> 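Below: one structure in structure tokens.
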Amino acid sequence: MTRRFPRRLLAGSVALAFAWQVPCVLATTDETERDLGRRFAFEAGAQIPLVRDPEVVAYLRRIGERIVAGLGPQPFDYEFFVVRDPKVNAFAVPGGFVYVHSGLLTRVDSDDELAGVLGHEIAHVHAHHLARQQEATQWLNYAQLLGALASVVQPALGAAAMGASATAQLQYKREFEQEADYMGARYMHQAGFAPRGMLDFFHKLWQEQRLASSGAPPYLLTHPLSEERLTRLEAVLRTSQWSGATTPTPSRELRRVRLLARLRGAPAQDVLNAYQSQVKAQPQDAEARYELGVVLLESGSYDAARETFEQARALGAPGVDRDLGRTLLRLRQKEEARELLARAAESDPSDALAQLEYGRVLEEMGDSEAALAAYRRAVAAYPDLEDAQRQLGILEGRRGQRGFGFYHLGKAQVLRGEYPAALSQFEKAESELPAGPEQADVKELLPQLREYAGRR
Ligand code: ZN
């Protein structure tokens, strides 16, 4: 069946946050949705502040991909992003692009709770809810839909142009919410998560909505919650025998994700107070001590961070080498930093941040060959690490590898959303790169960057 996004224009022109050329009509729903999602994700890269910390993104992806894996072959490649915003929100853009706000991550108490949110969002995508709803209401054309999606994911962006009414068009109707609850719970169960996590998290939001004077969390504007919906979800869990309890305490990984998500969304001083109180309340808790060290490091209090990391290590906290090494590098204690970072980089080659920081200390000590290798490992482990792409670009350029130099500098600019600058780097890289994955990447990105430049 062919389904199309309605193309009827509203009377009068609406200034959009996203300026799109409405594409020609595409043949299938999947194709239309994929195109919409890709365009959205590309534009969002320039306009929506994203959290790129490898640990945060890896955690979200791991849970999301585990759910998707249970669905079998899919028409879309699902991609997961973290928006830097302290509010509780999440939204799926058709075509498999799922956005979770850092504020939501700070409120999650178990993997199951996050899996609940992701299962629900993936269900909306899987069932084409937004496309079906748009088809029924005929309210937004393709370009307007993109603008409205932008205003949902980042209200400051589109609010002035689109108004609250456009956002309201993206509020899922009641039967779609119930369907996403049911399907999402089933996906969770298939992937080995406790579906109860979805209900627990929605209960938490429901309580908050009733108590909050400042209005409901943004998540509830697009995914309206009612007592009836919660009751139905509870009944689904009961009849499917999915009522089993979730993991009671957050894993160490989730605790670290919550900490970084908090740091990206709130002033460091507010976060510092909370983690200092936590250490005061539990002075023997190694993990609490380690977390305080991270907050101190992130807020630039390097002496205090070093002391705290050393205490955490003495209490038995695992994985302190890397962050103590990062701290010592900033305190200019290079020899000690190199030793710790070498150990961290060797013990976990997939730890992109350890590779990056190891590369930094090697570069500062004059070993640019070894630094280059470390930056390459960082980029291989996590291509979205902007600093690693930039440092790699600088070193490649310095050793005369101009094509690779332009390419990696361009990648860093893409990650910063600086598309015009990236375009000029990629145009230079194109003619100098040998055939290989980098050249293929340039060939894929250039048309998008040129189209973007043409619209500005
Ligand atoms: Zn929903």
Side-chain angles (χ1 to χ4, degrees), residues 33 36-37 40 60 63-64 67-68 71 76 78-81 83 85 87-101 103-105 107-108 112-137 139-140 145 148-155 164 166-189 191 193 195-209 215-237 242:
E33 292 191 37
L36 179 100
F40 180 86
L60 178 68
I63 297 199
I67 294 170
V68 172
L71 304 180
F76 313 126
Y78 283 80
E79 289 189 43
F80 302 89
F81 300 91
V83 179
D85 185 330
K87 294 188 196 73
V88 176
N89 203 357
F91 201 78
V93 173
F97 296 82
V98 179
Y99 290 80
V100 173
H101 291 229
L104 188 145
L105 294 176
R107 306 298 313 281
V108 160
D112 299 310
E113 289 190 8
L114 180 60
V117 172
L118 294 179
H120 180 97
E121 293 302 326
I122 289 166
H124 279 312
V125 173
H126 191 68
H128 308 281
H129 283 161
L130 213 55
R132 282 159 64 190
Q133 213 163 291
Q134 287 302 305
E135 188 184 49
T137 62
W139 197 83
L140 298 169
L145 178 57
L149 285 165
S151 70
V152 166
V153 174
Q154 184 72 341
T167 309
Q169 293 302 311
L170 298 184
Q171 183 182 92
Y172 289 105
K173 55 181 185 177
R174 199 175 52 186
E175 64 246 57
F176 285 168
E177 281 304 278
Q178 282 168 10
E179 193 174 63
D181 287 346
Y182 172 71
M183 289 168 64
R186 189 155 50 82
Y187 301 162
M188 290 175 76
H189 176 71
F193 293 106
R196 174 97 208 169
M198 185 192 280
L199 184 63
D200 289 349
F201 192 74
F202 289 167
H203 257 301
K204 207 157 35 179
L205 295 187
W206 174 245
Q207 295 292 351
E208 214 162 283
Q209 174 175 252
Y219 184 74
L220 300 186
L221 299 178
T222 45
H223 304 273
L225 198 51
S226 62
E227 206 134 28
E228 185 206 354
R229 193 180 139 202
L230 288 172
T231 310
R232 272 175 186 264
L233 178 56
E234 210 160 356
V236 166
L237 299 185
W242 291 341

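Read the numbers this way: they start at 1 and go in the same order the structure lists the ligands and their atoms. Everything numeric here is computed off the predicted structure, so don't read it as measured data.
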> Can Arg229 be said to sit on top of Phe202's aromatic six-ring, NZ or CZ under 6.0 Å from centre and within 45° of the ring axis?
yes
> Quick one: report the N, O or S atom of Glu177 that is nearest to the Zn ion (ligand 1).
OE2
> Is there a donor-acceptor pair closer than 3.5 Å between any side-chain N or O of Arg186 and the backbone N or O of Pro195?
no
> Quick one: does Arg132's side chain have a donor or acceptor within less than 3.5 Å of a partner on Ala127's backbone?
yes
> With a cut-off of 2.8 Å, does Glu121 place any N/O/S atom under that distance from the Zn ion (ligand 1)?
no
> For the Zn ion (ligand 1), does an N/O/S atom of His129 lie at less than 2.8 Å?
no
> Tell me whether the guanidinium CZ or amine NZ of Lys173 lies under 6.0 angstrom from the six-membered ring centre of Phe176 and within 45° of its axis.
yes
> Checking one value in my table: which N/O/S atom of His223 lies closest to the Zn ion (ligand 1)?
ND1
